[in-house]
Amino acid sequence: MKDNYGSKMFLVFPVLMNLAVLVFIWLIIRRPDKIKFTFEINENEREKTYHITQLALVIIAIFVTIMMTPLSFSDVVYK
């Protein structure tokens with residue numbers, strides 16, 4: 001049963017928020033040398049540290065997408 005019509009922004013906002021977070025993470029993944037680490041990186045371990053950081057950010061991006069997808073469709077599918 002329909003009780004009230006809501007704003008269409010509630011359908012678009014989670015998708016846009018997910019895209020904004022993913023673009024931000026993608027920019028960091030592309031240029032890990034711009035990250036201000038709280039520890040000093042040796043020259044011989046720089047590539048390994050960047051690779052681990054990029055891998056962690058990819059996992060965070062996947063997690064964010066998995067968590068945001070049900071939010072995107074919660075108003076349409078789950079109610």
Side-chain angles (χ1 to χ4, degrees):
M1 292 186 72
K2 298 178 188 174
D3 57 354
N4 200 358
Y5 291 104
S7 174
K8 301 298 183 223
M9 191 61 172
F10 290 112
L11 298 175
V12 178
F13 183 69
V15 175
L16 293 177
M17 192 168 52
N18 187 18
L19 283 176
V21 169
L22 291 178
V23 166
F24 178 71
I25 291 173
W26 177 69
L27 289 173
I28 296 173
I29 288 173
R30 274 188 44 215
R31 299 292 310 264
D33 56 328
K34 298 292 183 185
I35 299 173
K36 302 279 188 203
F37 289 103
T38 57
F39 53 90
E40 191 170 327
I41 302 172
N42 296 334
E43 289 296 324
N44 54 359
E45 293 185 6
R46 183 174 304 272
E47 292 300 319
K48 181 181 176 185
T49 304
Y50 288 166
H51 178 72
I52 292 172
T53 303
Q54 288 172 330
L55 199 60
L57 287 170
V58 167
I59 292 170
I60 290 171
I62 292 170
F63 181 74
V64 165
T65 303
I66 289 171
M67 296 307 288
M68 293 297 286
T69 301
L71 278 176
S72 301
F73 299 109
S74 66
D75 290 334
V76 178
V77 177
Y78 300 120
K79 287 188 179 184

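Computed from heavy atoms alone, side chains included, the values below leave out hydrogens, waters and symmetry copies. Since we're looking at a predicted model, the values are computed, not measured.
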J.: Transitively linked via ILVMFWY side-chain contacts under 4.5 Å: Tyr50 with Phe39?
T.: yes
J.: Is Phe24 reachable from Leu55 through a run of hydrophobic residues whose side-chain heavy atoms are each under 4.5 Å from the next?
T.: no
J.: Got a second to check how far Ile66's CD1 is from Asn18's CG, nearest 0.5 Å?
T.: 11.0 Å
J.: OG1/Thr65 to CD1/Ile60 distance, rounded to the nearest 0.5 angstrom?
T.: 11.5 Å
J.: Give, for atom CG of Leu22 and atom CD1 of Ile62, the distance between the pair rounded to the nearest 0.5 Å.
T.: 10.0 Å
J.: Between Val58 and Ile25, is there shared hydrophobic-cluster membership here, with clusters defined by ILVMFWY side-chain heavy atoms closer than 4.5 Å?
T.: yes
J.: Out of curiosity, Glu45 CD to Glu40 CD, how far, rounded to the nearest 0.5 Å?
T.: 11.0 Å
J.: Partners of Phe63 by side-chain contact (heavy atoms from CB on, under 4.5 Å), sequence neighbours excluded?
T.: Met67
J.: For residues Arg46 and Ile41, report the shortest heavy-atom separation together with the two atoms involved.
T.: CA-CG2, 3.6 Å
